[in-house]
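See structure below.
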Amino acid sequence: MLKLAPEFAMKKLLAQIIQNGFNDPEVIKAMASTPRHLFVDDALMMKAYDDVTLPIGNNGQTISQPSVVAKMTQLLDLKEGQKVLEIGTGSGYQAAILARFTRRLFTVERLSPLLELAKKRHKNLELLDISYRLGDGSNGWPGQGTFDRIIVTAGAPSVPPAYFEQLAVGGKLLIPVGTREEQRLTLYTKKEDETVSFNKYDTVVFVPLVGHFGFNS
């Protein structure tokens with residue numbers, strides 16, 4: 001059971017996020033339309049609208065802190081019709097928010113149980129314009145061309161080369177880069193001459209990006 005009714009708990013959480021400076025109206029609208037309690041384990045339902053990271057399943061994975069989700073979504077500067085790639089489907093919460101902005105969302109997850117559960121959650125919310133891939137997220141999504149936005153919800157030791165290759169000119173890549181214990185949220189932008197500029201933001205702690213161009217395990 002939730003401590004408050006979902007609608008009141010949601011309002012309280014969003015007020016806190018806005019107070020912390022994440023006030024893009026479209027991002028707030030997308031988060032308001034995405035009930036977080038549907039993406040957490042039953043045993044943690046009471047914490048669904050706390051601004052905290054929560055574990056999901058038994059695989060050491062997490063659902064991100066709502067204020068971090070708001071910040072990452074805001075930094076992406078999403079525009080209608082853009083083609084978006086998410087690395088790390090996890091619970092499906094971030095993808096559900098991204099799906100409010102685009103009908104061309106692609107998401108990759110390496111753990112089959114998480115991916116299947118995310119699919120069910122999205123279907124229940126009638127978020128049907130999402131493409132899914134089970135596999136090594138450090139390879140991006142080969143064969144899908146380029147993406148206007150790429151968001152990575154796992155910490156990487158460095159940026160996998162496939163991400164830059166699959167990023168469209170003018171596109172933005174948002175990824176936590178650093179050690180297993182701590183990363184810096186970094187936003188890369190691909191210029192017309194295909195060089196890349198970047199800006200570093202907050203220190204964050206994400207689960208590791210596991211794969212050929214990530215951590216070993």
Side-chain angles (χ1 to χ4, degrees), residues 1-80 82 84 86-103 105 107 109 111 113-130 132 149 151-155 174 176 183 185 201-207:
M1 295 289 291
L2 287 167
K3 290 177 286 187
L4 298 172
E7 60 270 23
F8 292 110
M10 173 76 82
K11 287 180 180 179
K12 183 179 178 182
L13 173 63
L14 293 179
Q16 182 180 346
I17 288 172
I18 292 170
Q19 187 175 15
N20 289 337
F22 311 121
N23 52 10
D24 183 300
E26 293 303 316
V27 173
I28 297 301
K29 180 180 177 182
M31 294 188 73
S33 302
T34 309
R36 191 173 186 246
H37 68 275
L38 300 181
F39 293 87
V40 305
D41 296 347
D42 290 344
L44 297 171
M45 193 70 71
M46 286 187 66
K47 296 179 178 290
Y49 293 98
D50 292 347
D51 191 22
V52 295
T53 300
L54 295 172
I56 52 173
N58 300 311
N59 301 295
Q61 303 300 298
T62 60
I63 178 173
S64 295
Q65 184 178 351
S67 59
V68 172
V69 171
K71 183 177 184 67
M72 292 182 75
T73 307
Q74 191 164 305
L75 284 173
L76 277 183
D77 188 28
L78 292 160
K79 309 296 183 186
E80 186 177 353
Q82 287 179 330
V84 179
E86 179 196 36
I87 304 298
T89 314
S91 69
Y93 179 63
Q94 176 73 79
I97 291 170
L98 296 172
R100 310 289 180 180
F101 291 87
T102 179
R103 293 185 177 181
L105 175 61
T107 184
E109 174 55 54
L111 298 174
L114 290 184
L115 189 63
E116 293 307 313
L117 186 54
K119 286 181 182 180
K120 290 178 182 179
R121 289 165 170 163
H122 294 156
K123 184 177 180 180
N124 288 340
L125 289 172
E126 299 184 347
L127 299 172
L128 306 178
D129 297 311
I130 304 175
Y132 305 89
R149 299 288 187 271
I151 178 173
V152 184
T153 59
L174 184 60
Q183 308 93 36
L185 198 56
Y201 294 92
D202 298 349
T203 298
V204 291
V205 180
F206 277 84
V207 297

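Worth saying up front: this structure is predicted, and the values here are computed from it rather than measured. Residue indices begin at 1 and follow the sequence shown. All values below were derived from every heavy atom in this structure, side-chain atoms included, with hydrogens, water molecules and symmetry-related copies excluded.
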(request) Determine whether more than 12 heavy atoms belonging to other residues, nucleotides or ligands lie under 6.0 Å from atom CG of Asn124. (result) yes

(request) Identify the heavy atoms of Ala118 and Gly92 that sit nearest to each other, and give their distance. (result) CB-CA, 3.9 Å

(message) I'd like to know if the side chain of Tyr49 reaches the main chain of Pro6, judged simply by a donor and an acceptor atom lying under 3.5 Å from each other, with no hydrogens or angles considered.
(response) no

(request) Find the distance between OG1 (Thr73) and CZ (Phe101) and round it off to the nearest 0.5 Å. (result) 6.5 Å

(request) Kindly determine whether Gln61 and Val207 satisfy side-chain contact (heavy atoms from CB on, under 4.5 Å), including the steps that lead there. (result) CA-CA 6 Å; Gln61 303 300 298; Val207 297; 3.7 Å; yes

(message) With heavy-atom distances below 4.5 Å as the criterion, would you say the side chains of Gln94 and Ser64 are in contact?
(response) no

(request) For residues Gly88 and Glu109, report the shortest heavy-atom separation together with the two atoms involved. (result) C-OE1, 3.8 Å

(request) Only counting residues at least two apart or in another chain, list the ones meeting ring-ring contact (aromatic ring centres under 6.0 Å, His included) with Tyr132. (result) His122

Which donor-acceptor pairs under 3.5 Å do the side chains of residues 21-30 make with protein atoms, sequence neighbours left out?
from: Asp24; atom 1: OD1; to: Glu26; atom 2: N; distance (Å): 2.9
from: Asp24; atom 1: OD1; to: Val27; atom 2: N; distance (Å): 3.2

(message) Measuring from atom CG of Asp202 to atom CE of Met72, what distance do you get when rounded to the nearest 0.5 angstrom?
(response) 11.0 Å

(message) Let me confirm one number: the CG-OH distance from Leu98 to Tyr93, rounded to the nearest 0.5 Å.
(response) 11.0 Å

(request) Sequence neighbours left out, what passes salt bridge (Lys or Arg N to Asp or Glu O under 4.0 Å) with Asp41? Give chain and number order. (result) none

(request) Please identify each residue that fulfils side-chain hydrogen bond (donor to acceptor under 3.5 Å, both in side chains) with Thr107, with sequence neighbours left out. (result) Glu86, Thr89

(request) Sequence neighbours left out, what passes side-chain contact (heavy atoms from CB on, under 4.5 Å) with Asp77? Give chain and number order. (result) Lys79, Arg149, Lys172

(message) What I'd like to find out is whether the side chain of Val40 reaches to under 4.5 Å of the side chain of Lys47, using heavy atoms alone.
(response) no

(request) Could you tell me whether the side chain of Pro35 reaches within less than 4.5 Å of the side chain of Leu125, counting heavy atoms only? (result) yes

(request) Identify, with sequence neighbours excluded, every residue that meets side-chain hydrogen bond (donor to acceptor under 3.5 Å, both in side chains) alongside Lys120. (result) none

(message) Ignoring hydrogens, what is the shortest heavy-atom contact between Ala154 and Pro176? Give both atom names and the distance.
(response) O-CD, 3.4 Å

(request) Take Tyr201 and Leu75 through the test side-chain contact (heavy atoms from CB on, under 4.5 Å) and record every step on the way to the result. (result) CA-CA 10 Å; Tyr201 294 92; Leu75 284 173; 3.7 Å; yes

(message) A side-chain contact here means heavy atoms from C-beta on lying under 4.5 Å apart; do Phe206 and Val68 qualify?
(response) yes

(message) Applying side-chain contact (heavy atoms from CB on, under 4.5 Å), can you list everything that pairs with Val52, at least two apart in sequence or on another chain?
(response) Asp50, Leu54

(message) Please enumerate all residues that pass side-chain hydrogen bond (donor to acceptor under 3.5 Å, both in side chains) together with Arg100, with sequence neighbours excluded.
(response) Thr34

(message) Within this structure, what is the NE2-CE distance for the pair His37 and Met46, rounded to the nearest 0.5 Å?
(response) 14.0 Å

(request) Using the test side-chain hydrogen bond (donor to acceptor under 3.5 Å, both in side chains), find all partners of Gln65 that sit at least two apart in sequence or belong to another chain. (result) Asp51, Ser67

(message) I need the Ile17 CD1 to Gln19 CD distance, nearest 0.5 Å.
(response) 11.5 Å

(message) Ignoring hydrogens, what is the shortest heavy-atom contact between Leu105 and Ala95? Give both atom names and the distance.
(response) CD2-O, 3.3 Å

(message) With a 3.5 Å distance limit and no angle check, can you tell me whether Thr153 reaches the backbone of Ile87 through a side-chain donor-acceptor pair?
(response) yes

(request) Working to the nearest 0.5 Å, report the span between CD of Gln74 and CE of Met31. (result) 10.5 Å

